[in-house]
Undergrad: 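Once you've had a glance at the structure underneath, I'll fire off some questions.
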Amino acid sequence: MSELIPVLDHVVINVADQLDEASALFRRLGFQLSERGHHSLGSSNHLAVFNQNYLELLGWENDRGTLRQDLWQSPRGLSGLVWKTDDADAVWQHLQQTDLAGDPPAAFFRPVTLPDGRQQEARFRTTQLRADRVPGGRSFFCQHLTPEAVWQPAWQQHANGVTDIDRFVIVADRPDDAATVYGQLFSAQQLQPISGGLRLQAGVAEIQFITPNQAQRDGVALPTHYDGSPRMTALGLKTRSREAVRTQLKRNDIAFSERDGEIEVGPLAGLETTLFFHQ
């Protein structure tokens, strides 16, 4: 493998032991969520599946929470930036030529009931970046061995009209430093300057590394007790209809604001994450 290509597969929001509360909130926001899934490694989740990527609410249930303690070291809220690959083992071999390799690839699964009632296992192989190179969260590559167990058309329809995640925001006092690991991973030439920081195009999504001042100008709320180190803080969401978003938010009594053609929600209670919806 001569070069890795940055394409966003999914984002992870760490909800810890608040799966019930978080899933209720995201349904009120207008997302269709999958039934609760239980990974063979111990964690539990709900997904909001879009056209090219998806959002994962990841947490634990009380009788399963001790099985993956490594996950819960990340901050509550947006804490996972996940890349697509069709060969997790080849990525592992590539990373071993650098100082970015974490643990060897892991294989796991979760049972799924498909829209037609059939039972299947959604199976994955993942390759992690070294944890100490990704402050404020985790980043890894995900190989879907059974993509049909995730990207079902019936699961891609959302009342708020969202079709994809197209922005992922990391705030840092020194955005150049925060972006360094991804410049090393994909090549520094892929990092392009923007106001207050840098951007990396990742398929349909743009990964932004920006200063706290730029975040405030953009309406991104800083985490509580923010110390200047890199934090994953906001998502941009492409919708077919801003009116559909407004309707859902008003119907479910969720506060929002609007500016520059975007609807802003957040930071979400307990999750330190701001959402931006735009058409």
Side-chain angles (χ1 to χ4, degrees), residues 1-13 31-32 34 45 47-58 78-92 94-95 100 105 122 124-129 134 137-153 155-158 160-170 175 178-194 197-210 218 220 230 232-240 262 273-279:
M1 178 177 288
S2 58
E3 183 176 315
L4 299 176
I5 306 299
V7 179
L8 180 69
D9 185 78
H10 68 278
V11 306
V12 179
I13 296 181
F31 295 100
Q32 178 186 188
S34 63
N45 71 358
L47 305 184
V49 181
F50 310 123
N51 291 347
Q52 302 297 322
N53 49 49
Y54 62 92
L55 182 154
E56 178 179 20
L57 302 177
L58 184 68
L78 188 60
S79 63
L81 176 56
V82 187
W83 312 96
K84 288 186 187 295
T85 182
D86 58 8
D87 192 336
D89 294 289
V91 171
W92 166 244
H94 180 89
L95 294 182
L100 299 178
F124 316 89
R125 284 182 67 79
T126 59
T127 299
Q128 302 272 349
L129 300 189
V134 188
R138 300 182 300 132
S139 188
F140 59 95
F141 288 81
C142 182
Q143 178 185 2
H144 290 266
L145 303 178
T146 54
E148 70 282 359
V150 175
W151 276 279
Q152 283 280 330
W155 296 337
Q156 295 170 304
Q157 307 304 313
H158 302 276
N160 57 22
V162 169
T163 59
D164 270 311
I165 300 163
D166 66 359
R167 183 169 26 139
F168 186 105
V169 180
I170 297 172
T180 295
V181 60
Y182 303 106
Q184 182 180 352
L185 184 62
F186 299 116
S187 87
Q189 289 72 28
Q190 303 232 29
L191 296 170
Q192 300 296 319
I194 57 174
L198 296 167
R199 62 179 288 274
L200 170 68
Q201 194 65 41
V204 299
E206 179 174 291
I207 316 303
Q208 296 182 347
F209 309 86
I210 57 175
D218 291 345
V220 175
M232 303 173 183
T233 57
L235 295 175
L237 298 150
K238 178 80 169 175
T239 177
R240 295 188 183 92
E262 289 192 317
T273 301
T274 307
L275 303 181
F276 295 93
F277 300 85
H278 67 97
Q279 197 165 333

Undergrad: Does V82 form a side-chain contact (heavy atoms from CB on, under 4.5 Å) with V11? I'd like the steps, not just the answer.
TA: CA-CA 6 Å; V82 187; V11 306; over 6 Å; no
Undergrad: List for me each residue that meets side-chain hydrogen bond (donor to acceptor under 3.5 Å, both in side chains) alongside Q279, sequence neighbours excluded, and say none if there are none.
TA: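 Testing Q279 for side-chain hydrogen bond (donor to acceptor under 3.5 Å, both in side chains), a comparison that skips the adjacent residues, returns none.
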Undergrad: Applying side-chain contact (heavy atoms from CB on, under 4.5 Å), run through R138 and Q128 and close with a yes or a no.
TA: CA-CA 8 Å; R138 300 182 300 132; Q128 302 272 349; 3.5 Å; yes
Undergrad: State whether the side chain of Q143 and the backbone N or O of A88 hold a donor-acceptor pair below 3.5 Å, judged by distance alone.
TA: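 Checking the backbone N and O of A88 against the side chain of Q143, a donor-acceptor pair under 3.5 Å is found.
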Undergrad: Is there a donor-acceptor pair under 3.5 Å between the side chain of Q156 and the backbone N or O of F50?
TA: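 Yes; judged by distance alone, with no hydrogens or angles, the pair exists.
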Undergrad: Would you check if the side chain of D164 reaches a backbone N or O of D166 as a donor-acceptor pair within less than 3.5 Å?
TA: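 Side chain of D164 to backbone of D166: no pair is present.
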Undergrad: Step by step, work out the side-chain contact (heavy atoms from CB on, under 4.5 Å) result for T127 and F140.
TA: CA-CA 6 Å; T127 299; F140 59 95; over 6 Å; no
Undergrad: Where is the tightest heavy-atom contact between P175 and L198, given as atom of each residue plus distance?
TA: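 What the structure gives for the nearest pair is O-CD1, 4.5 Å.
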Undergrad: For F31 and V162, what are the C-alpha separation, side-chain angles and deciding distance, and is it a side-chain contact (heavy atoms from CB on, under 4.5 Å)?
TA: CA-CA 8 Å; F31 295 100; V162 169; 4.0 Å; yes
Undergrad: Taking the side chain from Q192 and the backbone from I194, do they hold a donor-acceptor pair closer than 3.5 Å?
TA: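 It does not hold such a pair.
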Undergrad: Could you check if a side-chain atom of F276 sits within less than 4.5 angstrom of a side-chain atom of R167, using non-hydrogen atoms only?
TA: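 Counting from C-beta outward, F276 and R167 do come under 4.5 Å.
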Undergrad: Can you check whether V220's main-chain N or O pairs, donor with acceptor, with D218's side chain at less than 3.5 Å?
TA: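 Looks like no, no N/O pair under 3.5 Å.
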Undergrad: Pick out which of L55, L235, T233 makes a side-chain contact (heavy atoms from CB on, under 4.5 Å) with L78.
TA: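 Looking at L55, L235, T233, the match for L78 under the side-chain contact (heavy atoms from CB on, under 4.5 Å) is L235.
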Undergrad: For F209, does the six-membered ring have the charged nitrogen or CZ of R199 within the cation-pi criterion, i.e. under 6.0 angstrom from the centroid and within 45° of the normal?
TA: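 No, R199 does not lie over the aromatic ring of F209.
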Undergrad: Tell me the closest heavy-atom pair linking I170 and M232, and the distance in Å.
TA: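 Smallest heavy-atom distance, with atoms named: CG1-CG, 4.1 Å.
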Undergrad: L4 and F186: which non-hydrogen atoms are nearest, and at how many Å?
TA: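 Closest heavy-atom pair between L4 and F186: O-CD2, 3.4 Å.
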Undergrad: Could you tell me whether a side-chain N or O of T85 sits under 3.5 Å from a main-chain N or O of C142, the two making a donor and an acceptor?
TA: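 It does not hold such a pair.
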Undergrad: For W83 versus P6, what's the shortest heavy-atom pair and its separation?
TA: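 So the two residues come closest at CZ3-CB, 3.9 Å.
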Undergrad: W155: what forms a side-chain hydrogen bond (donor to acceptor under 3.5 Å, both in side chains) with it, not counting sequence neighbours?
TA: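 Result, side-chain hydrogen bond (donor to acceptor under 3.5 Å, both in side chains) vs W155: none returned.
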Undergrad: Is it the case that the side chain of K84 and the backbone of I5 share a donor-acceptor pair, with hydrogens and angles ignored and the cut-off at 3.5 Å?
TA: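 Answer holds: no.
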Undergrad: Is S139 reaching over with its side chain to a backbone N or O of L81, donor-acceptor style, under 3.5 angstrom?
TA: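 Yes: the side chain of S139 pairs with the backbone of L81.
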Undergrad: Have H144 and D86 got a donor and an acceptor in their side chains that come within less than 3.5 Å?
TA: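 Checked: H144/D86 side chains show no N/O donor-acceptor pair below 3.5 Å.
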Undergrad: List the residues meeting side chain to side chain contact (heavy atoms under 4.5 Å, CB included) with E56, not counting sequence neighbours, and say none if there are none.
TA: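 Once residues adjacent in sequence are excluded, the partners of E56 under the side chain to side chain contact (heavy atoms under 4.5 Å, CB included) criterion are H10, V12, H39, N45, L47, Y54, L58.
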Undergrad: Looking only at heavy atoms, which two atoms of V91 and F141 are closest? And how far apart?
TA: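 Closest approach of V91 to F141: CG1-CD1, 3.6 Å.
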Undergrad: On a heavy-atom basis, which atom in T146 and which in A122 lie closest, and how many Å separate them?
TA: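 The pair with the smallest heavy-atom distance is OG1-CA, 3.2 Å.
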Undergrad: Ignoring hydrogens and angles, tell me if any N or O in the side chain of E148 forms a donor-acceptor pair with the backbone of Q152 under 3.5 Å.
TA: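 Side chain of E148 to backbone of Q152, a donor-acceptor pair under 3.5 Å: no, none is there.
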